[in-house]
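The structure appears right after this line, and notes come after that.
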Amino acid sequence: MPTARSSTEPHRHHPVAEAARAVADVGTLVRFRAAHVRRPRAFRAGLLLFALGSAAVAVVPSLVPGAGEGERARDVLIVMPTALAALVLVSVVAAVASGGGRELLARDPASIHPVSPTTDHLGALVLAPLNVAWLLQSWSLLGAAAYGTGWGWSLLTMQVAMLLWLVLATALGQVVAWTLEGLRRLRFGEGALRVATVASVAAVLVLQVRGDLVPLLDQVPTVRVVATSVGGPSWAWAGVVGTLAGLALAAVVLGAVPAHLATRRVPHDELRVESGSYRARRLPRTDLAVLVRTDRASVWRAVPMRRGLAVLAVGPGVIALLGALPWAQLIILPGLVASGGALLFGVNAWCLDGRGGLWRESLPVGPGTVFAARAWVLAEFLLVASLVTVVLGALRAGVPTPSEVTALLAMLAVVTVQVVAAAMRWSLAHPYAVDLRSARATPAPPLMMVGYSSRLALSTTLTGLVFSALARLDDPLAAVLVAVPFLCWSGFRLARAHTRWTTPTERARVVVTTAA
């Protein structure tokens, strides 16, 4: 007979009761995570700032002169349907890359608690807004809608439709992500998904080259959503809102089905890494080379690193290829790619060692060498991702001028050192014990990741704009001269982090924290 709710015996529950329990479990886990925030006041202030900022983005643009009238506002409304479709695509790609979304509870702690796949699915939906890419897309959508409609009842009707579309797009992304994660765990699922991905990208490229991509996007059903929301309250708008609400609820419920199916299957890619054997190679001559090889293997063999690198490198590169971006605009992309690459593990770089950090500290190797090896591997990772993006974008960017080549090389060097210095400093200041074996794991708590990504995206974007402007000059040496102070400042901050790491008390604090 059944023993307890936490028993491992299979239970048959009514779907409604199971859903209610999953919702209650999500609330419990959210409160648990919130109770363990290191700085509660900053946490509450951040939530308040997020709410006020979102409200301001949704209202203030409607008060700007020219909002709701004029040619510019009309142009914004024209591109809104395409923006809605793009939001769905971004939500799908982000969820697929992380194997179904972020984890509200890590894999190892969840294994001893009765956390159902439905709870895991709903938790991933709750954590979806704690992502800078999602926030920027959402705020851009709400701001554009406010400016296009202007102040009045049409602002209310438009923003209600936009909010429902955000929920629907996020839920659809989870459905697709869990479905593909389940397919990936089949016998030949990984190879089939790779072939399907390449075929999809090739099809989009063919449509773009033939000039059929934009007309195809104009046929998406999002046109009706925008058209019925512009004129204020009406029966047609009520029908669209009801449809969006019903579809969003259906997508949330439907996402639990592939989540259960995916959970019942073994993740072959993760298991292959953990159970694989590798032939021993001849040791390098220097301690630094040995440590670099070890760190490089720990990064490149990790499933979330490989998936994240593929999305970060190929995604912006394909966008640049489709849009045929010129070199002046292409120079901005490496900074965004590098900032995203650091979020995969660099902002908490020492968590890669885990309990192995205690063993590493017993080796007869200087702490400065350990720091240099980790920073070198992180720089390699960021450079590879950035170069893949540049190569893809260069296919349709034409032949660069000497100024553009110099600006691009200077940008790559500056951004790499800039991001590595910031990541190593944050890794020392805020270490966390995180298991990155799961494809859905993140190196830091969600709110910390939002702060890290915001600061990295802002600094690298501003740097990219500077070198993009220098690429338009006739003198190639201008980019080199401007890069020197950037490199000196970032190098100084990296050297200061190196000095801090060599302090025994600081190093012990980081190692013990990440090994917990």
Side-chain angles (χ1 to χ4, degrees), residues 54 57-59 61-62 64 66-95 128 133-176 200-201 203-251 315 318-319 322-325:
S54 300
V57 168
V59 175
S62 65
V64 175
E69 56 186 14
E71 184 177 355
R72 182 172 298 179
R74 187 164 51 251
D75 292 339
V76 170
L77 292 177
I78 290 175
V79 300
M80 283 290 293
T82 304
L84 294 179
L87 180 65
V88 177
L89 180 61
V90 171
S91 300
V92 170
V93 172
W134 191 94
L135 287 176
L136 291 178
Q137 291 282 341
S138 303
W139 286 346
S140 300
L141 187 66
L142 294 176
Y147 181 78
T149 55
W151 181 258
W153 284 107
S154 58
L155 175 64
L156 177 63
T157 56
M158 176 65 80
Q159 298 298 31
V160 168
M162 294 302 101
L163 290 175
L164 288 175
W165 184 265
L166 288 174
V167 177
L168 175 60
T170 305
L172 287 177
Q174 291 292 325
V175 173
V176 176
S200 301
V201 173
V204 172
L205 289 175
V206 170
L207 290 174
Q208 174 65 14
V209 172
R210 294 175 54 183
D212 297 331
L213 183 59
V214 174
L216 180 63
L217 292 176
D218 291 338
Q219 303 301 319
V220 294
T222 53
V223 175
R224 177 172 173 78
V225 176
V226 177
T228 56
S229 302
V230 172
S234 64
W235 289 111
W237 171 79
V240 169
V241 167
T243 302
L244 291 178
L247 291 175
L249 180 61
V318 171
I319 293 175
L322 291 175
L325 296 183

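Position 1 is the first residue of the sequence, and the numbers go up from there.
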From [X] atom [atom1] to [Y] atom [atom2], the distance as rounded to the nearest 0.5 Å:
| X | Y | atom1 | atom2 | result |
| --- | --- | --- | --- | --- |
| Thr228 | Trp235 | OG1 | CH2 | 14.5 Å |
| Asp75 | Met80 | CG | CE | 13.5 Å |
| Leu141 | Met158 | CG | CE | 9.0 Å |
| Trp151 | Leu156 | CH2 | CG | 9.5 Å |
| Leu249 | Leu164 | CG | CG | 11.5 Å |

Indicate the atoms forming the closest heavy-atom contact of [X] with [Y], along with that distance.
| X | Y | answer |
| --- | --- | --- |
| Ala161 | Val225 | CB-CG1, 4.3 Å |
| Val76 | Ala144 | CG1-O, 3.3 Å |
| Ala169 | Val88 | CB-CG2, 3.8 Å |
| Gln159 | Ala145 | OE1-CB, 3.7 Å |
| Gly150 | Ser62 | C-CB, 3.6 Å |
| Thr149 | Ser154 | O-OG, 3.6 Å |

Side chain to side chain contact (heavy atoms under 4.5 Å, CB included) assessment of Val226 paired with Ile78: CA-CA 9 Å; Val226 177; Ile78 290 175; over 6 Å; no
Step-by-step side chain to side chain contact (heavy atoms under 4.5 Å, CB included) determination, Arg224 to Thr243: CA-CA 12 Å; Arg224 177 172 173 78; Thr243 302; over 6 Å; no
Among residues at least two apart in sequence or on other chains, which ones pass side-chain hydrogen bond (donor to acceptor under 3.5 Å, both in side chains) with Ser229? none
Tell me every residue that passes side-chain hydrogen bond (donor to acceptor under 3.5 Å, both in side chains) with Ser54, counting only those two or more places apart in sequence or in another chain. Trp139
